[in-house]
Student: 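The structure that follows is given in the form of structure tokens.
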Amino acid sequence: MPAPRIKSPHLLVAESGADREGHGLKRTMGLFQLICFGVGAIVGTGIFVGLSDSVAQAGPAVVVSFVLAAITCVFTAFSFAELGGAIPVSGSSYSFAYAGLGESTAFLVGWCLLLEYGISISAVAVGWSQYVNELLHSLTGVQLPAALSAGPGDGGVINLPAVIVIAMASVLLVRGVRESARATAAMAAVKLVILLAFCAIGYSAFKHGNLTPFSPAGLGGIGAGTTAAFFSYIGFDAITTAGEEAKNPRRDIPVAIMVCMGIVTLLYCAVAVAAIGAIGGKQVAGRPAALSYVVNEVTGSTVGGGVIAFGAVVAIASVVLAVMYGQTRILMSMSRDGLIPRVFEKVNPKTSTPVAGTLIVAVVFALPAAFASLDAVMNLCTIGTLAIMAVVNIAVIALRRREPGLVRSFRVPLYPVGPLLGVAFCLYLMYETGWQTWLQFAVFLVVGLAIYAAYGRRHSTLAQAAAPEVTPSAAAEREPQAV
């Protein structure tokens, strides 16, 4: 059996130009922008829309579910922080897998990232559509017709608002990362203010009796709620995709990841307790635009709910923007390695952005948002994300052994226990998704392997460079492609 093709961290950094100007990209993001970018990528549909689904599973014990989901993510966040500081390139977990476990595993990670980001962006866009309707109703008393605000699977014809938010995000991303970072920072500030205002309103009507029974479905309900709540944390890994556009990635990326996880976990728990304490878990469970409903019930007016709906519209739009950014940078890295067509690595010299790749991503992700019902594949998105996180934890262990001298600006605490716990938590949540999801995931991986065998393995730059060998210094001199 041939040895896996492994690309060293030094070669990854050299090829990307990550210690200089990354492959035609510009370094414009400081620590504050990275934190805002992380909050923008995480806080959105999961809390504004998905909270009701988590409460339906766990009841008031959804707080425990959020904490368990956070613990799962924190152990993996430690691993992302170590690798993001040591290998500051735009490929994120794809590049980490390439350096730690080899090319075929890296391709499957990239394939799963397409699933994670694609479904999450499409699902987030659909959630945005719900809150746009809520906002229109609170402002004007009318809503968009079902034919224009839902796909065929949900009783409509096309989800037009979902397409619009993806189009707006792509326009910002094409204009430049500086503009995108500013927009993300502004939207992150708005959503934090709105959620804090929600907490103030919810706690003003708090009743202890609404928290009982605390766990109506027992441990099984908490476990199912944790799987549902996990979707709320998807996106923190997108911070590492800014490795070639951060001003000081080796220092700032680990710090941004840790700060974001702390902020988000505290915020989610506070919002969940406020919502359930105000009106009870049964009233929150399964309700669209749940936060707006809570405020309307507490205040007796639709004005407050309209404000929450506005915050949700801003929050969810920022998630679309941040996650689309991450997807385009990962595809750019895969393209640079020859595993997917070269069009995704081309950087426009005027905007310093991958224009063609961004527009392709926008079109591909807008189609399921406009026409498909995504409920059936949400667990597939979750299991794919958990698999990626498990691989990143394993990559930390592999690189500690293979590259002990690699400069690491952050180290996983309690190594190797930390990464192993990260793997264990990921496997537990993967188990909770059920056998049908595992079957879907197996089929998905087989398709990915077939694509890798048919295209990626034959076009890999690592394989083509095997003779003569490409040194890091030679790779660093490669000229970035332009359109």
Side-chain angles (χ1 to χ4, degrees), residues 32 35-36 38-56 58-67 69-70 127-128 130-132 134-139 184-212 214 225 229 232-233 259-319:
F32 177 74
I35 293 173
C36 290
V39 173
I42 302 169
V43 180
T45 305
I47 193 66
F48 282 99
V49 179
L51 174 64
S52 60
D53 296 330
S54 300
V55 173
V62 70
V63 177
V64 179
S65 296
F66 274 124
V67 171
W128 191 79
Q130 295 176 13
Y131 270 100
V132 165
E134 181 71 21
L135 181 60
L136 284 174
H137 180 70
S138 65
L139 293 176
T184 303
M187 289 188 285
V190 169
K191 76 171 94 177
L192 290 179
V193 170
I194 293 292
L195 288 175
L196 290 175
F198 171 83
C199 288
I201 294 171
Y203 285 118
S204 71
F206 185 87
K207 297 178 182 178
H208 289 90
N210 287 333
L211 298 181
T212 58
F214 183 69
S232 304
Y233 290 91
V259 171
C260 284
M261 289 303 300
I263 291 173
V264 169
T265 302
L266 291 174
L267 191 62
Y268 283 176
C269 291
V271 169
V273 172
I276 297 171
I279 65 171
K282 291 183 178 179
Q283 294 296 316
V284 176
R287 187 175 295 277
L291 299 193
S292 290
Y293 177 80
V294 170
V295 173
N296 288 342
E297 288 295 298
V298 171
T299 62
S301 168
T302 60
V303 175
V307 173
I308 298 298
F310 170 75
V313 167
V314 172
I316 296 172
S318 73
V319 175

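For clarity, every value in this text was computed on a predicted model and none was experimentally measured.
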Student: Can you tell me how far apart CG (Leu51) and CD1 (Ile276) are? Round to the nearest 0.5 Å.
Tutor: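 Leu51 CG to Ile276 CD1: 6.5 Å, rounded to 0.5 Å.
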Student: Could you tell me which non-hydrogen atom of Gly209 sits nearest to which non-hydrogen atom of Thr212, and how far apart they are?
Tutor: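 Reported closest heavy-atom pair: O-OG1, 2.9 Å.
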Student: Mind checking what makes side chain to side chain contact (heavy atoms under 4.5 Å, CB included) contact with Val193, not counting sequence neighbours?
Tutor: none
Student: Using the ring of each side chain (for Trp, its six-membered ring), is His208 parallel, tilted or perpendicular to Phe206, with breaks at 30° and 60°?
Tutor: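 His208 and Phe206: perpendicular rings.
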Student: Side-chain contact test, heavy atoms from C-beta onward, threshold under 4.5 Å: evaluate it for Trp128 versus Val319 and give yes or no.
Tutor: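 Sidechains of Val319 and Trp128: no contact.
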Student: Write down the atom of Ser54, the atom of Gly225, and the distance for their closest heavy-atom approach.
Tutor: OG-O, 4.0 Å
Student: Between Ile194 and Gly311, what is the shortest heavy-atom contact and its length?
Tutor: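 What the structure gives for the nearest pair is CG1-CA, 3.6 Å.
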Student: What closest approach, in Å, do Val63 and Ala272 show between heavy atoms, and which atom pair accounts for it?
Tutor: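 Between these two residues, the closest heavy atoms are CG2-CB, 4.3 Å.
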Student: Mind checking side-chain hydrogen bond (donor to acceptor under 3.5 Å, both in side chains) for Ser318 and listing every partner two or more places apart, or none if nothing turns up?
Tutor: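 Once residues adjacent in sequence are excluded, the partners of Ser318 under the side-chain hydrogen bond (donor to acceptor under 3.5 Å, both in side chains) criterion are Lys191.
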Student: Could you work out, with side chain to side chain contact (heavy atoms under 4.5 Å, CB included) as the rule, every residue matching Asn210, not counting sequence neighbours?
Tutor: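 Residues passing side chain to side chain contact (heavy atoms under 4.5 Å, CB included) with Asn210: Lys207.
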Student: Identify each donor-acceptor pair in which a side-chain atom of residues 261-270 lies under 3.5 Å from a protein atom, sequence neighbours left out, and give them as a table.
Tutor:
from, atom 1, to, atom 2, distance (Å)
Thr265, OG1, Met261, O, 2.8
Tyr268, OH, Ile42, O, 3.3
Tyr268, OH, Ser232, O, 2.7

Student: Identify the two heavy atoms, one from Cys260 and one from Gly38, that lie closest to each other, and give their separation to 0.1 Å.
Tutor: SG-CA, 3.7 Å
Student: Stepwise, does the side chain to side chain contact (heavy atoms under 4.5 Å, CB included) test hold for Leu195 with Leu291?
Tutor: CA-CA 9 Å; Leu195 288 175; Leu291 299 193; 3.9 Å; yes
Student: Say whether, by atom type as modelled, one donor and one acceptor occur between the side chain of Tyr233 and the main chain of Phe66 under 3.5 angstrom.
Tutor: yes
Student: Can you establish whether the number of heavy atoms outside Phe32 located under 6.0 Å from its atom CZ is more than 12?
Tutor: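 At most 12 heavy atoms, drawn from other residues, nucleotides or ligands, come within 6.0 Å of this atom.
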Student: Under the rule for side chain to side chain contact (heavy atoms under 4.5 Å, CB included), what residues qualify as partners of Val294, not counting sequence neighbours?
Tutor: Phe198, Ala275, Ala278, Ile279, Val284, Val298
Student: Under the side chain to side chain contact (heavy atoms under 4.5 Å, CB included) rule, collect the residues that match up with Ala285, sequence neighbours excluded.
Tutor: Val55, Ala56
